[in-house]
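Each remark here refers to the structure printed beneath this line.
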There are 2 protein chains.
Amino acid sequence: MMVKKTGLVDIAREAGVSTATVSRVLNDSEKVTAKTRERVLAVVERLNFRPDLSASTLRRGRSKTIGIAVASISQPWYVKLIRALRAEITSRGYTTVVYDLEHSDDVLIEHMENAISLRLAGMVLATGDRLDAAGVHGALENVAASIPLVVIGQRTAGANWPTVRFDDFEASRRAAAELISRRARPLLVIARSTTSHLAQLRVSGALAALHEHPALQGGSHVVDLEGPMSFEVGYAIGSGLGERLRQFGAVFCVNDELALGLARAASEIDIRIPGDLLVLGYGDIDVLPFLTPSLSSVSGDAQHVARDGLSALFSMIQDQPYAEDVIVERSIIHRESTSC
Amino acid sequence: MMVKKTGLVDIAREAGVSTATVSRVLNDSEKVTAKTRERVLAVVERLNFRPDLSASTLRRGRSKTIGIAVASISQPWYVKLIRALRAEITSRGYTTVVYDLEHSDDVLIEHMENAISLRLAGMVLATGDRLDAAGVHGALENVAASIPLVVIGQRTAGANWPTVRFDDFEASRRAAAELISRRARPLLVIARSTTSHLAQLRVSGALAALHEHPALQGGSHVVDLEGPMSFEVGYAIGSGLGERLRQFGAVFCVNDELALGLARAASEIDIRIPGDLLVLGYGDIDVLPFLTPSLSSVSGDAQHVARDGLSALFSMIQDQPYAEDVIVERSIIHRESTSC
DNA sequence: CTGAAAGCGCTTACAG
DNA sequence: CTGAAAGCGCTTACAG
């Protein structure tokens, strides 16, 4: 009892024109008289016609959809980025599909193959996770070979796709230097990760700042990490250190979740923030201003990288020149947790 | 200088079989000998072949992709739901596309039309926002008319699609009753919303509990809301009430963001939680256990509703009977913010 | 178990 | 400005 879907032919018949003309109207071709266009649109409206995108994608060899793949949609910064990207992409007449990589190489590979099979018009990949595993790098090369690709967050060695990224090393160096200038005591750095490229970069930046203060280097400490950079892990690290937290003047965390978890652990043993310990996170997630104490963080402008990334992407789509590697500055937001 | 994409014909030629056979191999048809299958797969592998999904969707009249539309991906509960849904959907051989509705009717309508045009195999819509605006309801009817649709979170009047939802009214009644039994004083309820169906339901539940305690009704108060149910708004409400917060024994919030923002406002004027005021949120987002004080909340099992929702969806896809309306119980998680 | 061939619903080069 | 017709890359009913 399935009614046949109304197709372009039905519109053509009802409007008394050819399917070619209907197609031209739907695709905003300028070579259609206003009168014809109007007549066709009336029928489209009346029959509630929804063109089959698989047919147009097949015919064109390319869809009008752009993929947005992010490391994890449970991290608010990526959600902000997705929304900034979507706003601009739809304003350019494309639609979007969102891929949540769940911080997993396998999921990334799966999604990249899907993107190729969908013949997407382009792909924006945003992640701080390492992309140099063989499988992952291969998947990206495959994508780049068949659709325009832009990576936000890092530049991999041998990448032949444009990148937009923050100055994480420099921002981290500055942030750590500010912590040290506020409390001239040893620094705790949480945490260097085996799976996160950005975490490694941020730790290097903090260590570079420490390098300027030889007297503090001995007492300072870097925690290494295996698991995810989550609230739980930050809490576990803080609890594990316990009273030893008092040996440090400040904690530099490579993300906000770790900072927040650690702050909770500190409060449980009555270590006061910022009185006994300064705490700085990274990412500036929305909840930070509403915590007690409110948490300081290094922030990065999602709108800005979205704009620059799409500028490169649409240039590629239109076969025009684009910037290979754009670097955007981060800024440090001081709140209660780092107040002097 | 574009190299032509390798297609099914190329595989067929190289493997010395027909395209029909290649297609059968790719679709796991059982009527292919192991030897043929092996030969074909070797070529697929060697040429790095990625089938064009637009062609197969066009031919089949239906894609192998299921849409997941949620009220907002910036709310952690929906992210949990998305991941639970995706895990089960991929295990059944389908892929997923995620739609972020951004709490906007217009975005919902846009995404629903896209879903129809993509000829999706099915759609799971999860939202607590009101769905009874004419445009929204119409869009859902259109979807339901062309693809299997399941709604998680609420049952709209006149819905002819299956629904899975929590017992929000009853859970709210119980939760408010527990607050009152812990502090026999007036209750503050935050907040009734014009745009959120679930917020309204939760407020009704809380009021039902209050109804059992006539002595407390006079002093109790419901805050109404126009904007989003965000940290900022919770904070603004708390700040606005200021010292008047002390008139209440407990605050029942219709979501966690409001609760968290309000708790911060209370702490700024030295109202102690739970000493002076109990605070309860709704949704049980991940950060709650790591706050100081940790926040209590009413939680709902995302895995559970994902399972029930997909059970209905796949039954529809296979033309089998399914439950029209499933109701799942919520539970109340007490942490420091409601401890006696 | 395998192949030849039709056809899904669009778009576009070509002709008028 | 408009139309007739070919063709995008798959899948599947049919025949063998």
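Keep in mind it's a predicted model, so treat the numbers as computed, not measured. Convention: sequence-line order gives letters A, B, ...; per-chain numbering from 1.
Comment: Asp105(B) does not engage Arg130(B) in a salt bridge, judged by the lack of any side-chain N to carboxylate O separation of less than 4.0 angstrom.
Remark on DNA chain C: of its neighbouring residues Arg119(B) and Val17(B), the 5'-side contact belongs to Val17(B), judged by nearest-heavy-atom nucleotide. Along DNA chain D, the nucleotide nearest Arg24(B) and the nucleotide nearest Leu53(B) are compared for position; the residue whose nucleotide lies closer to the 5' end is Leu53(B).
Atom-to-atom, CG of Leu8(A) to C1' of dG3(D) comes out at 13 Å; the value is rounded to the nearest Å. Rounding to whole angstrom units, NZ of residue Lys64(A) and C1' of dT11(C) are separated by 13 Å. Per the geometry, CZ belonging to Arg13(B) stands 14 Å off C1' belonging to dG9(D), to the nearest Å. Rounded to whole Å, atom C1' of dT2(D) lies 13 Å from atom CZ of Arg37(A). The CD1-C1' distance, from Ile116(B) to dC10(C), rounds to 18 Å in whole Å. Rounded to whole angstrom, the span from the CD atom of Glu38(A) across to the C1' atom of dT2(D) amounts to 18 Å.
In this structure, Gly61(B) reaches neither bases nor backbone, as no heavy-atom distance under 4.0 Å exists between it and the strands shown.
Looking at Ser54(A) and Arg60(B), their side chains never bring a donor and an acceptor atom within 3.5 Å of each other. In this structure, a donor-acceptor pair under 3.5 Å is absent between the side chains of His111(B) and Glu102(B).
Listed candidates were dG3(C), dG9(D), dT2(D). Nearest to the side chain of Val32(A) is dT2(D).
The minimum heavy-atom distance between Asn160(B) and Ala144(B), with the atom names listed, is OD1-CB, 4.4 Å.
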